[in-house]
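Let me begin by presenting the structure, written as structure tokens, before commenting on it.
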Number of protein chains: 2
Amino acid sequence: MNTTRNKDYTIDNEQLARFAKAMGHPARITILEYLSSLDCCYFGEIHNELPIAKATVSQHLKELKDAGLIQGEIETPKVKYCINKENWEKAQAYFETFFALNKEKIRCCN
Amino acid sequence: MNTTRNKDYTIDNEQLARFAKAMGHPARITILEYLSSLDCCYFGEIHNELPIAKATVSQHLKELKDAGLIQGEIETPKVKYCINKENWEKAQAYFETFFALNKEKIRCCN
DNA sequence: AATATTGTTCGTAATTTTGCGAACTAAAAT
DNA sequence: ATTTTAGTTCGCAAAATTACGAACAATATT
């Protein structure tokens, strides 16, 4: 019995879910908010904004980078982070489109 | 040694993260997209849209309900689901504000 | 050459998420 | 009084997430 599934969801829905998932933790929202308020900054400054260990901050940054929302650049011994503008705008467009869908139609059952 | 943490993140950032997390799975995006295209519908129709077992669909619906994005109403033996309009608009506003923040400022380090 | 600075990676633990089938519930239909 | 219908809840397993301290890497400074 083959229970593998194929193409369960649309690419767009998977992409939107990936962006949303990356934003699904308050630490990561805080990072994104902070980064979007600057041109860029170093790891240490981000760490200062957060109540968690540097190893954990590093992990969150990695997730944001994997989702494409931010980018990092080594400037030894520091690492400079910034918003990935292209994907940031892509994410924005995804959410906008998503919420705009059938906007006037929604009126619920009650 | 007390390692409890208090008020780590802003209420707004926690709320936005909660919305984002609820949207952080393609099945739940598909559900929301489907629901927002209708006034409302029954569990069975939602289940038909998805490639997963009904127990799993039920779980995803529970998460969306817990996040406040949808609401369910019993019409035995069926259950009617719909978007929670108030919170849906709240979520929309949260994302909009988030992405609008410093929009023109972002230009990255490169 | 040794030390300091700045982050990342590793190893680990606890918790949460995702998924399924089976059992259950509650009303409707027979 | 059974049976059917439509979902939910339970119990479980596998995988992913979150968090930390310790160890490491790579350059800069002394």
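Naming: A, B, ... by sequence-line order, numbering from 1 per chain.
- Aromatic rings of Tyr81(A) and Tyr42(A) (six-membered ring for Trp) have centroids beyond the 6.0 Å cut-off, not under it.
- Between the NZ atom of Lys21(A) and the C1' atom of dT17(D) there is a distance of 8 Å, given to the nearest Å.
- Proximity of Ile46(A) to Cys41(A): side-chain heavy atoms (C-beta onward) are separated by under 4.5 Å at one or more points.
- At the phosphate of dT18(D), neither OP1 nor OP2 sits under 4.0 Å from any side-chain N or O atom of Thr56(A).
- In this structure, His25(B) and Tyr9(A) have perpendicular ring planes: the angle between them is above 60°, well past the 30° mark.
- Mapping Gln59(A) and Thr76(A) onto DNA chain D via the closest heavy atom, the residue that lands nearer the 5' end is Gln59(A).
- Within the 4.5 Å cutoff, the side chain of Asn84(A) has no heavy atoms near those of the Leu69(A) side chain.
- For the OP1/OP2 pair of dT8(C) and a distance below 4.0 Å, the side-chain nitrogens and oxygens of Tyr81(A) include at least one atom meeting the criterion.
- Atom pair Ile70(A):CD1 and dG7(C):C1' shows a separation of 13 Å (rounding to whole Å applied).
- Between Lys80(B) atom NZ and dT5(D) atom P the separation is 22 Å, expressed in whole Å.
- In this structure, His47(B) reaches neither bases nor backbone, as no heavy-atom distance under 4.0 Å exists between it and the strands shown.
- The nearest whole Å value for the distance from the NZ atom in Lys62(A) to the C1' atom in dT8(C) is 11 Å.
- What separates CD1 of Ile31(A) from P of dG7(C) is a distance of 13 Å, to the nearest Å.
- Considering only side-chain atoms of Phe43(A), the nucleotide from dG7(C), dT6(C), dT18(C) that sits closest is dG7(C).
- Between the CG atom of Asp66(B) and the C1' atom of dT9(D) there is a distance of 14 Å, given to the nearest Å.
- An OP1 or OP2 oxygen of dG19(C) is reached within less than 4.0 angstrom by a side-chain nitrogen or oxygen of His60(B).
- Considering only side-chain N and O atoms, Ser58(B) lies nowhere under 4.0 angstrom from the phosphate OP1 or OP2 of dG7(D).
- Within the 4.0 angstrom heavy-atom criterion, base atoms lie near Lys54(A).
- Ala53(A) comes within 4.0 angstrom of the backbone, heavy atoms only, and of no base.
- Within 4.0 Å of Glu63(A), counting heavy atoms only, lie sugar-phosphate atoms of the nucleic acid but no base atom.
- In this structure, Thr30(B) OG1 and Leu50(B) CG are separated by 6.0 Å, a value rounded to the nearest 0.5 Å.
- Comparing Ala55(B) and Ala55(A) against DNA chain C, the residue whose closest nucleotide sits nearer the 5' end is Ala55(A).
- In this structure, the CG atom of Asp8(B) is 13 Å from the C1' atom of dT18(D), given to the nearest Å.
- Rounded to an integer number of Å, the gap from Asn48(A) CG to dT5(C) C1' is 14 Å.
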